[in-house]
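Take a look at the structure set out below.
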Amino acid sequence: MKTRIGIRSEDRNPWERRAPLIPSHVRELQQNYPLEVWVQPSATRVFSDDDYRREGAVIARDLSPCQVIIAIKEIPSALILPEKAYLFFSHTAKGQAQNMGMLRQLEVKRCTLIDYEKITDEQGRRLVFFGRQAGQAGMADTLWALGQ
């Protein structure tokens, strides 16, 4: 049986265009591992739904058949599905109060959280992060938001 990985459409910020996996990586993963990738449709993601479909992804709003769900930003508490493994930046590692409800829902619904901020090497250095490009993307987002 293939493991199903779901890619959430980002809804934290209306301008969010990032994706946790690019379409060519979806193809590579599905060719090399017993995986099926499902992608929630998104009108704002930098890659279109058709880009993912061409690489073999299933486009579906409902990710409940997926065992693993990946995203970039926090997930609204009401949208957390029970007994799933989630990978995303939860912004809870420093006790950020605004995300404690979400963290509690993950616990109550018996989910596994793999927080990108906590993936580190032997010296405690983060391995998943956005470097210089994050600042550039932040500037572009700010200018876009001001233009709106």
Side-chain angles (χ1 to χ4, degrees), residues 1-121 124-131 133-134 136-138 140-142 144-145 148:
M1 180 173 142
K2 292 184 176 182
T3 298
R4 291 187 185 121
I5 295 177
I7 298 176
R8 282 193 81 249
S9 66
E10 297 295 323
D11 49 19
R12 175 97 162 89
N13 299 311
W15 58 84
E16 184 62 68
R17 301 195 68 214
R18 294 178 293 177
L21 289 175
I22 66 173
S24 62
H25 290 162
V26 167
R27 177 181 23 85
E28 281 183 48
L29 286 169
Q30 292 185 138
Q31 284 176 346
N32 295 312
Y33 301 97
L35 297 174
E36 193 173 277
V37 178
W38 290 35
V39 178
Q40 280 186 330
S42 172
T44 57
R45 187 184 296 120
V46 69
F47 302 103
S48 73
D49 299 340
D50 284 338
D51 291 337
Y52 284 101
R53 189 178 289 112
R54 275 191 294 278
E55 298 296 349
V58 173
I59 307 301
R61 289 201 181 283
D62 181 13
L63 297 181
S64 61
C66 300
Q67 294 92 346
V68 178
I69 299 173
I70 62 176
I72 298 289
K73 301 293 279 179
E74 306 95 320
I75 299 173
S77 295
L79 299 180
I80 294 171
L81 300 171
E83 299 182 4
K84 304 292 180 190
Y86 284 95
L87 290 84
F88 60 95
F89 284 109
S90 75
H91 300 288
T92 58
K94 298 174 189 161
Q96 294 94 319
Q98 71 273 17
N99 295 323
M100 290 299 114
M102 174 196 64
L103 188 60
R104 179 71 182 132
Q105 278 303 302
L106 288 162
E107 181 183 30
V108 166
K109 293 184 177 180
R110 301 176 45 88
C111 297
T112 298
L113 171 62
I114 300 170
D115 191 331
Y116 298 142
E117 291 177 282
K118 300 307 285 179
I119 299 173
T120 59
D121 65 12
R125 295 177 297 206
R126 283 178 55 180
L127 297 175
V128 180
F129 56 88
F130 298 103
Q133 289 76 24
Q136 293 166 343
D141 285 348
T142 299
W144 180 89
Q148 296 302 308

Would you say [X]'s side chain and [Y]'s backbone share a donor-acceptor pair under 3.5 angstrom?
{"X": "Asp115", "Y": "Phe89", "result": "no"}
{"X": "Ser48", "Y": "Asp51", "result": "yes"}
{"X": "Lys84", "Y": "Cys66", "result": "yes"}
{"X": "Gln40", "Y": "Arg8", "result": "no"}

Once you round to the nearest 0.5 Å, how far does [atom1] of [X] lie from [atom2] of [Y]?
{"X": "Ile5", "Y": "Leu35", "atom1": "CD1", "atom2": "CG", "result": "4.5 Å"}
{"X": "Tyr116", "Y": "Ser90", "atom1": "OH", "atom2": "OG", "result": "11.0 Å"}
{"X": "Leu21", "Y": "Ile7", "atom1": "CG", "atom2": "CD1", "result": "4.5 Å"}
{"X": "Phe88", "Y": "Ile70", "atom1": "CZ", "atom2": "CD1", "result": "12.0 Å"}
{"X": "Ile72", "Y": "Asn13", "atom1": "CD1", "atom2": "CG", "result": "11.5 Å"}
{"X": "Glu36", "Y": "Gln67", "atom1": "CD", "atom2": "CD", "result": "9.0 Å"}

State which residues pass side-chain contact (heavy atoms from CB on, under 4.5 Å) with [X]; sequence neighbours excluded, sorted by chain then number.
{"X": "Ile59", "result": "Val39, Pro41, Asp49, Tyr52, Arg53"}
{"X": "Arg125", "result": "Asp121, Gln123"}
{"X": "Arg17", "result": "Val46"}
{"X": "Ser64", "result": "Asp62, Leu81"}

query: Between Glu74 and Arg12, which heavy-atom pair has the shortest distance, and what is it?
result: OE1-NE, 2.8 Å
- prompt: Are the side chains of Ile75 and Tyr86 in touch, meaning some heavy atoms are under 4.5 Å apart?
  reply: yes
message: Is any side-chain heavy atom of Val26 closer than 4.5 Å to one of Trp38?
response: no
Per-pair distances, 0.1 Å, donor-acceptor, side chain in residues 102-114, under 3.5 Å, sequence neighbours excluded:
residue: Arg104; atom: NH1; partner: Glu107; partner atom: OE1; Å: 2.5
residue: Lys109; atom: NZ; partner: Ile80; partner atom: O; Å: 2.8

Mind checking side chain to side chain donor-acceptor pair (under 3.5 Å) for [X] and listing every partner two or more places apart, or none if nothing turns up?
{"X": "Glu16", "result": "Arg18"}
{"X": "Asn32", "result": "none"}
{"X": "Glu83", "result": "none"}
{"X": "Arg45", "result": "none"}

- prompt: Given the rule in the side-chain contact (heavy atoms from CB on, under 4.5 Å) test, do Val37 and Val58 qualify, once you have shown the distances and angles that lead to the verdict?
  reply: CA-CA 6 Å; Val37 178; Val58 173; over 6 Å; no
task: Considering only NZ, NE, NH1 and NH2 on the basic side and carboxylate oxygens on the acidic side, decide whether Glu10 and Lys73 come within less than 4.0 Å.
output: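 Salt bridge absent between Glu10 and Lys73.
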message: Using side-chain contact (heavy atoms from CB on, under 4.5 Å), reason through Glu117 and His91 one step at a time and then give a plain yes or no.
response: CA-CA 8 Å; Glu117 291 177 282; His91 300 288; 3.9 Å; yes
